[in-house]
Each structure stands twice: as C-alpha cells, then as structure tokens.
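What follows is a set of notes on a single structure, which appears directly below.
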Amino acid sequence: MAAGIDDIAIYIPRLFMDAGDFAEARGLDPQKLVKGLGVSKMAIVDSNQDPACLAANACLKIMQKNKLSPEEIGRLYVATESSFDESKAMNSYVIGMLEQVYGAGSFQHCGGIECKFACVSGSYALYDNTNWIRAGESEDKYALVVVSDIAKYDLGSSGEMTQGGGAVAMLLNDSPRLLEFDPKVTSTSIKNEYDFYRPFGKETPIVHGQYSNLLYLIQVKNALNDYKRKALKTGLIDMKEGQSMLDHIDYFNMHLPYSNMGKKALAYLVRHELRNTPKWKEVIAEVGMEEPVPKDPRGTIESIISDSEFMTKDSEFTKRFAKTNTYQEIYENKVASSLIASKSIGNLYTASLYLGFRSCLEYEFQKGVSLEGKRFGFASYGSGSSAMVFSGVIKPEHLQIVKEMNLETEIGERQKLSLSDYEELHENKLEPNQSLLHAKKEFVLEHVENISSEKRGERRYAFIE
Ligand code: HMG
C-alpha cells in the first residue's frame with residue numbers, strides 16, 4: 001500500500017537574533033556565521049512558548065488548512081529532543097491544547113507517543129507511521145507527525161551561533177498529494193556515541209562540535225551505502241556501468257544543524273559516490289590535488305581528527321572540490337533550494353530536515369522547475385548517534401500545495417531581539433506573562449506549577465484569539 005506526506009505546515013517563533021548583532025556581541029567576525037556556517041538569523045522562543053506549544057500551533061495550522069476534524073486523525077506523534085518531562089509524553093500536552101479548540105475528548109480515539117533520538121527521531125516517527133498506514137491499520141485516518149524543538153546552547157559556547165526553534169507538522173496518508181515514500185529501502189546506521197547529548201536536568205547539551213560534524217558525515221555515509229544496497233536489490237534503481245546514486249536521486253535533503261552543513265555533507269557524499277567512477281579522474285584534475293588519506297585510514301574518529309596533517313589537507317581538498325563545476329552543478333540542482341529557509345531560522349533539531357524539504361519545494365517551484373516524479377533522498381542524522389536514509393517521489397498533486405507556500409507569510413512579522421532581551425530569554429529570566437510579543441490565534445504557555453508538590457511540573461496553556 002502507498003503511503004507518504006500529504007501536507008506540511010510550519011510554526012516558527014517570530015523573535016529572532018540577527019547574526020551580525022550576535023557576532024559583534026561575542027567578538028566574532030560576522031562572516032564566520034553568514035559565510036562560514038550559513039546562519040543569518042536564529043529564531044528564538046518567547047517566554048510564553050515551549051516545544052509543546054510550538055508543536056500544537058503547527059498541528060492546528062495543518063488541521064485548519066485541510067479543514068480536518070479530530071475524527072480524521074488516527075495517530076498524533078511528537079518527535080522532540082526538547083522534552084520537559086521524563087514520563088508524560090509531549091503529544092499529550094499537544095492533544096490537551098488542540099482539545100481547547102476542537103472540544104474536550106475530541107482526540108480520545110487517537111494514539112501516539114513522544115519519540116526521542118536527537119534530531120533523527122522525527123524520521124523514525126515518520127517511518128513508523130508510514131508502516132502503520134502500509135499495514136492497513138489506519139482505517140482511512142491520517143497520521144499526524146509533528147517534529148518540534150528549541151535548539152539552545154550555553155551562552156558563549158561555540159554551539160550558541162547554531163541555535164533556533166520551531167515545529168513542522170506532517171500529515172501522512174495512503175494517497176499523499178506531496179510525496180510518496182519508496183518502499184523497502186529505508187536504511188539506518190547506529191552507534192553508541194557522545195558527540196552531543198543532554199543529561200537529565202540539564203537544559204543545554206554537552207557538545208563536541210568537530211567530532212559531531214565528522215560523525216554526522218560517517219553515519220550518513222553508512223546509511224547511504226545500505227540504502228544503495230537495498231535500492232539495487234529491490235530494483236528501485238538500475239545502476240548502469242559508471243553510474244552512481246547521483247544519477248538516480250534528483251534532490252538531496254540533509255539534516256541541517258546549520259545551513260552550510262548541507263553543503264559539507266553533499267561534498268562528502270559526492271566524493272564518496274564518484275570516487276570509484278570514471279569521472280573521478282576528471283574531478284581530481286579539476287581539484288588540482290590528490291585526495292588526502294589519513295595516516296590510519298581504518299582508525300577511530302578521534303584518531304582521524306587528531307591527524308592534523310590529514311585534517312588540514314582534507315579541508316583544503318574539500319574547499320577546492322566545492323569550487324569544481326562537477327560539485328557546483330550537483331549543489332545548485334540538487335541541494336541549494338533546501339538550504340534557504342535554514343539560513344534565516346537556524347537549527348530546529350528534529351524539524352531541520354523537514355524545514356529543508358519544505359524550503360526545497362517552495363524555492364524550486366519559484367524557479368519554475370517541475371518537480372513531478374522527481375525522487376527526493378533524505379539524509380537524517382541524530383547525535384548519540386544514528387542516521388537514516390530514505391527516499392520518495394513527488395506526486396502530481398503537489399502543485400496544489402506548493403504554489404501556496406510562502407515562508408515569510410507563514411512565519412509572520414518577525415521582531416529582532418536586542419542582545420539584552422535575547423540573554424534574558426536565554427537565561428529564563430522572564431515569566432510567561434512577561435512575553436515580548438502579543439500572541440494572536442495561537443497557543444501559549446501560561447504557567448508551569450513549581451510550588452505545590454502535588455502539581456509540580458503541571459503546565460497550563462491557553463489559545464489566544
Ligand atoms: P567552530 O568550531 O567554532 O567553527 O564551530 P569552525 O572553526 O569550524 O568554523 C565554521 C566554518 O566557518 C568553517 O568552514 C570555517 O572555515 C568558517 P568549513 O571549514 O566548515 O567550511 N569560518 C569563516 N568563514 C568566513 N569568514 C570567517 C570565518 N571564520 C571561520 N571569518 C560548530 C562550529 C558547528 C562545531 C559549532 O557551532 C557547534 O558545536 N555547533 C553545535 C553542534 C553541531 O551543530 N554539530 C553539527 C553536526 S551534529 C548534528 O547535526 C546534530 C545536532 O543537530 C544535534 C542532534 O542531533 O540532536 C547538533
């Protein structure tokens with residue numbers, strides 16, 4: 001049975017930190033953010049927003065847009081790594097909020113859980129719900145999967161320039177208008193790692209930045225190798241002599257902790273894909289240097305990172321490679337449009353990959369490119385760590401949805417934060433009733449109980465008309 005994404009909606013907080021102001025405050029060259037990382041604005045949550053209300057706002061948008069009633073939703077999953085309760089799942093809060101609009105008990109028939117595996121959990125949630133539909137369990141109901149996160153790092157840390165926040169809601173069914181997932185090719189890779197993690201009770205993660213960058217690339221490559229094996233075995237693709245996956249995937253959507261990670265990941269994967277093809281000789285001539293090899297090619301990630309001679313040469317090779325016509329053509333045609341939204345929003349953890357997908361649809365449509373029948377490859381990565389690679393094909397009906405997409409209108413009027421307001425919000429110095437913006441037609445957090453021991457941690461939300 002077919003299954004895929006029928007529609008997609010985003011909710012992005014309207015406050016933002018400007019990269020230039022941020023760089024000045026931290027004594028950094030603004031070009032490091034803008035050019036080096038591809039970050040021009042970071043979406044920041046107000047004092048009356050938490051990941052559950054971001055998720056509920058995205059769900060409400062997609063339900064209202066499609067005129068759906070709760071009876072038409074069979075499952076509501078939330079994937080997040082910004083969880084605030086060790087037991088009570090975030091989708092229960094979301095259902096509580098939606099029932100303020102649709103009526104008490106209106107979602108009672110619905111099932112679902114909160115999923116966790118850093119940024120990759122949204123992809124596992126999509127896959128599980130796709131299989132619920134494929135198994136014929138859905139009784140013509142939709143699955144609603146919402147990915148919602150607040151990417152927050154310590155003040156003054158190197159991760160602080162890669163923050164963001166927001167939610168993406170995706171409606172899944174058996175006759176999707178946007179994208180149908182390819183069956184039997186979803187592939188994963190997993191390993192116990194400490195590249196980025198957030199121990200209980202700590203609001204911000206412990207991060208080993210450069211290690212996480214390299215691990216992301218390696219894990220995605222491993223999952224891609226397995227995807228390739230499955231795609232050949234199932235006959236999804238027929239690879240002719242001298243071809244690579246690049247000949248069979250029209251667009252690549254990558255997890256985007258910052259926009260330029262998409263470029264970095266593409267360069268790594270393209271090198272991997274072309275290395276054993278006849279084209280590689282031509283590429284090496286264009287690059288003007290041999291591809292460097294680590295002293296210990298079978299070594300650990302730590303040993304590769306500490307091989308400074310290799311790391312310097314490899315960085316030089318990547319920079320030159322990224323300037324070749326071969327790479328540029330692939331980048332412009334297969335990835336560039338997916339990176340646009342991330343630049344002005346930042347890292348959304350679980351939601352980043354899907355904001356990228358949404359960005360690709362909108363900006364390719366604006367370029368006048370016909371997407372019908374095009375295959376999208378998705379490279380999802382979650383620290384800790386696991387990668388998932390899967391694909392799907394764009395449906396003819398996508399135009400009904402894509403022609404209405406407009407990132408700026410969907411976010412609404414944004415407000416730039418001063419450094420002091422940003423730092424106050426970051427350090428949780430403002431109460432929900434001291435929010436900087438006036439909410440309109442959205443859910444907000446009103447109160448978190450912290451006095452009564454019987455009710456400690458209970459959250460009260462309101463829908464503001
Ligand atoms: P850093 O180490 O300070 O930055 O922090 P850098 O020195 O690597 O510089 C970044 C880029 O800017 C480099 O380009 C520099 O050359 C360039 P590249 O070599 O990569 O092409 N640059 C400049 N460009 C122009 N003008 C200048 C200039 N200066 C430097 N003046 C890091 C970067 C990403 C490590 C840090 O921000 C960090 O730790 N972020 C958080 C962790 C992260 O995002 N990791 C990404 C992979 S792991 C992942 O994606 C999972 C995650 O989303 C969590 C989850 O799964 O839940 C994070």
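Counting starts at 1 for both ligands and their atoms, in listed order.
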Closer than 4.0 Å and a protein heavy atom, does any atom meet both conditions relative to atom 54 (C) of ligand 1?
yes
Pair Glu332 + Lys263, salt bridge at N-O below 4.0 Å
no
Evaluate Asp195 for polar contact with ligand 1, using N/O atom pairs at a separation under 3.5 Å.
no
Could you tell me which non-hydrogen atom of Tyr11 sits nearest to which non-hydrogen atom of Ala58, and how far apart they are?
CB-N, 3.8 Å
The closest protein heavy-atom partner of atom 5 (O) of ligand 1 is Met161 CE, 3.5 Å
Could you check whether any heavy atom of Lys319 sits closer than 4.0 Å to an atom of ligand 1, since that is the contact criterion I want to use?
yes
Counting non-hydrogen protein atoms only, what is the nearest one to atom 34 (C) of ligand 1? Give residue, atom name and distance.
Tyr258 CE2, 3.4 Å
Could you work out, for atom 4 (O) of ligand 1, the closest of Lys32, Gln31, Lys263, Gln163 by heavy-atom distance?
Lys32
For Lys367, is there an ion pair with Glu364 - N to carboxylate O distance below 4.0 angstrom?
yes
Compute the minimum heavy-atom distance from Met261 to ligand 1 and say whether it is under 4.0 Å.
no
Pairing of Lys279 and Glu282 as salt bridge, 4.0 angstrom limit:
yes
Test item: Asp195 side-chain N/O and Ser383 main-chain N/O as donor-acceptor pair under 3.5 Å
no
Among non-hydrogen protein atoms, atom 36 (C) of ligand 1 lies closest to Ser158 O, 3.3 Å
What residue and atom, counting heavy atoms only, is the protein's closest point to atom 42 (C) of ligand 1, and at what distance?
Val207 CG1, 3.6 Å
Can Lys32 and Asp29 be counted as an ion pair, charged N to O under 4.0 angstrom?
no
Ligand 1 N/O within reach of Tyr216 N/O, cut-off under 3.5 Å
no
Report the member of Leu215, Asp29, Asn213 with the shortest heavy-atom distance to atom 31 (N) of ligand 1.
Asp29
Measure the distance from atom 8 (O) of ligand 1 to every protein heavy atom, then report the residue, atom name and distance (to 0.1 Å) of the closest one.
Gln210 NE2, 2.9 Å
Under-4.0 Å protein heavy-atom contact, atom 51 (C) of ligand 1
yes
Derivation and outcome, ring pair (Phe, Tyr, Trp, His ring centres under 6.0 Å), residues Tyr127 and Phe390:
CA-CA 9 Å; Tyr127 182 56; Phe390 54 100; 8.1 Å; no
Say whether Gly382 and ligand 1 are in contact under the criterion: heavy-atom distance to a ligand atom below 4.0 Å.
yes
For Arg134, does its backbone N or O pair with a side-chain atom of Asn131 as donor and acceptor, under 3.5 Å?
no
Do Arg271 and Glu291 sit within salt-bridge range, that is, some charged N less than 4.0 Å from a carboxylate O?
yes
The closest protein heavy-atom partner of atom 57 (O) of ligand 1 is Glu81 OE2, 2.4 Å
What are the two closest heavy atoms between Ile394 and Leu371, and how far apart are they?
CB-O, 3.3 Å
Distance to 0.1 Å, residue and atom name: give those for the protein heavy atom nearest to atom 43 (C) of ligand 1.
Ser212 OG, 3.9 Å
Is NZ or CZ of Lys334 both nearer than 6.0 Å to the six-membered ring centre of Phe252 and within 45° of the ring axis?
no
Nearest non-hydrogen protein atom, atom 15 (C) of ligand 1
Gly36 CA, 4.9 Å
